[in-house]
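Notes to accompany the following structure.
Letters A, B, ... mirror the listed sequences (proteins, then strands); counts begin at 1.
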There are 2 protein chains.
Amino acid sequence: MVKAFSMSEVSTQERIKAAAAKVFTMKGLEGARMQDIADEANINKAMLHYYFKNKQQLFQVIFEEKATKVFSALDLFVHGELSFHQRISKFVESQISIFSEFPTLPLFVLMEVRKNPALLEATFRNIPLQIKRSEFQSLVENEISVGNIRKVDPQELLLNIIALCVYPIIAEPIFRFLSDMDEIEYRSFINRRKDTITALITNDLFIKK
Amino acid sequence: MVKAFSMSEVSTQERIKAAAAKVFTMKGLEGARMQDIADEANINKAMLHYYFKNKQQLFQVIFEEKATKVFSALDLFVHGELSFHQRISKFVESQISIFSEFPTLPLFVLMEVRKNPALLEATFRNIPLQIKRSEFQSLVENEISVGNIRKVDPQELLLNIIALCVYPIIAEPIFRFLSDMDEIEYRSFINRRKDTITALITNDLFIKK
DNA sequence: GTCTATAGGCGGATAGAC
DNA sequence: GTCTATCCGCCTATAGAC
């Protein structure tokens, strides 16, 4: 039966991808062992090479998937019928939600890109991110021109929001070590920040009437 | 002559350390090749093992040195006779200056700690960072109690400041790719942020009188 | 202290049976 | 599709001459 055949194939392939994502994002390309990935997927090393040509190709698949996920949240800014204030709030919430679920993601993408900048071109061949960025830019400029928010550099605004959302996730190990929070406490600390980040940004931005 | 002997010894050792720092912070522990470090230091691989027992020990030396540097800027907050506003401003400036000079530092420390949390205990055995943190905490609480600044979580305040300073450095490759800035432009962009970060934080913090 | 040459092992990749 | 066994190259580490 074709269906049963292809279902089982997808399932193993997906288990490998999940395992590879876990190991690669945690250890990086060179730190990851094919054996670790095989163990995590409950198969043996040979199977990895049945589904993926080699380590490099498996890595590429995972990287592109995860990098896409990291940047896709930008959509929230440029789509929908929300007010600018609501966009910021939604964006902050989505950034923190996504990365709380998969905390190794941002550091992984950031580190691999620094080691090998060529990954950027390869990955964003398909994703028209430049377009999203300029849409964001005109959105901000429009808010400025109608007097909703003060004059501000759109690039810097976006960077500030992302920094405030993402940094606490990537610095979790160090910050928890210093503050003696356990994982539960830290999750709740991060979650409370959804409001304080939005407040910090909007208080600085919106012109009081 | 003892002096000439020890001078040359230090000099080679220091060249190795500089080379190792460059390669390790760029590629990470597993991504770094002893050959790359030797090339960078203009010696051969065997010499590395003359001065350092093995790769792991060389890494440990570099990591501890760089991690110490990353955290030492906290001193600025708890020492000196500055006002709270000045402390923030000085701290922002020092963070950005330090990391602009050596942009691979923060991502390196963050990533290696995530891969191997045990590095934290080993590194901060000698550095009484907990003390600095609680000094920072009482500094903030004092400002609150005298009515200088609004009620705020000291942990979150510190995290916000560091996030705004450090994230632009670690996200440089991606952000420059998206914004089409060259290195000069990005340096200047980062430098302008010294003022805007301080303004963002203090406007949110200080109570207008 | 510095070099060349080489040992030794780890880990990615493949052959081949089932 | 899945497994075991094995190959082979790369990279750390060392031996040993100078």
Side-chain angles (χ1 to χ4, degrees), chain A residues 1-64 108 111-112 115-116 119, chain B residues 1-64 108 111-112 115-116 119:
Chain A
M1 274 171 70
V2 175
K3 192 173 181 187
F5 174 79
S6 71
M7 273 180 71
S8 106
E9 193 173 350
V10 168
S11 159
T12 303
Q13 181 140 353
E14 288 306 316
R15 271 194 5 262
I16 291 175
K17 282 173 67 174
K22 189 168 174 183
V23 176
F24 276 133
T25 59
M26 189 67 193
K27 304 288 189 75
L29 170 56
E30 298 89 351
R33 298 288 88 112
M34 292 297 267
Q35 186 63 60
D36 298 340
I37 297 172
D39 291 348
E40 185 73 32
N42 281 311
I43 54 171
N44 60 53
K45 278 193 295 175
M47 283 307 292
L48 297 177
H49 290 90
Y50 178 79
Y51 284 97
F52 297 90
K53 186 158 57 85
N54 52 31
K55 187 185 182 182
Q56 190 60 45
Q57 193 227 340
L58 177 54
F59 170 80
Q60 191 82 21
V61 169
I62 300 301
F63 178 84
E64 293 190 17
F108 166 68
M111 189 70 193
E112 297 302 330
K115 285 191 293 194
N116 178 17
L119 285 172
Chain B
M1 274 174 69
V2 175
K3 192 173 178 188
F5 176 78
S6 71
M7 272 179 70
S8 106
E9 193 172 350
V10 167
S11 159
T12 303
Q13 182 141 352
E14 287 306 317
R15 269 190 11 257
I16 292 174
K17 282 173 68 175
K22 188 167 174 184
V23 176
F24 275 134
T25 58
M26 188 68 194
K27 303 286 190 75
L29 170 57
E30 299 89 352
R33 297 289 89 113
M34 292 297 265
Q35 186 64 62
D36 298 339
I37 297 174
D39 291 348
E40 185 74 33
N42 281 310
I43 53 170
N44 61 54
K45 279 192 294 175
M47 283 307 294
L48 297 177
H49 291 90
Y50 177 79
Y51 284 96
F52 298 91
K53 186 156 60 83
N54 54 31
K55 186 184 183 182
Q56 189 61 47
Q57 194 227 338
L58 177 55
F59 171 80
Q60 190 82 21
V61 168
I62 300 302
F63 178 85
E64 293 190 17
F108 166 68
M111 189 69 192
E112 296 302 328
K115 286 192 292 194
N116 178 17
L119 286 172

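The interatomic distance linking B:Phe59 (CZ) with D:dC11 (C1') rounds to 18 Å, in whole Å. As rounded to whole Å, 16 Å separates atom C1' of D:dA17 from atom OH of B:Tyr50. With rounding to whole Å, B:Phe52 atom CZ is found 15 Å from D:dT14 atom P. As a whole-Å value, the separation of A:Gln13 CD from D:dT2 P is 11 Å.
Between the side chains of B:Asp39 and B:Gln35, a donor-acceptor pair is found at a separation under 3.5 Å.
A:His49 has a side-chain polar atom (N or O) that falls below the 4.0 Å cut-off from OP1 or OP2 of C:dA13. For D:dG1, the OP1/OP2 oxygens have no side-chain nitrogen or oxygen of A:Thr12 closer than 4.0 Å. Residue A:Tyr51 places at least one side-chain N or O closer than 4.0 Å to OP1 or OP2 of D:dT2.
Here the closest heavy-atom approach between residue B:Asn44 and residue B:Ala38 is recorded as C-CB, 3.7 Å.
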Take B:Phe24 and B:Phe108, measure what ring pair (Phe, Tyr, Trp, His ring centres under 6.0 Å) needs, and give me the verdict at the end.
CA-CA 8 Å; B:Phe24 275 134; B:Phe108 166 68; 7.1 Å; no
Between B:Glu40 and B:Arg15, does a salt bridge (charged side-chain N to carboxylate O under 4.0 Å, His left out) hold up when you go through it step by step?
CA-CA 9 Å; B:Glu40 185 74 33; B:Arg15 269 190 11 257; over 6 Å; no
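Residues from residues 26-48 of chain B lying near DNA chain C, meaning a heavy-atom separation below 4.0 Å, are B:Asn44, B:Ala46, B:Met47 in numerical order.
Closest to the B:Asn54 side chain, of the nucleotides D:dA13, D:dG1, C:dT2, is D:dA13.
Heavy-atom neighbours of B:Lys27 NZ from other residues, nucleotides or ligands within 6.0 Å: at or below the threshold of 12.
Under the 3.5 Å distance criterion, the side-chain polar atoms of B:Gln57 are matched with a main-chain donor or acceptor of B:Lys53.
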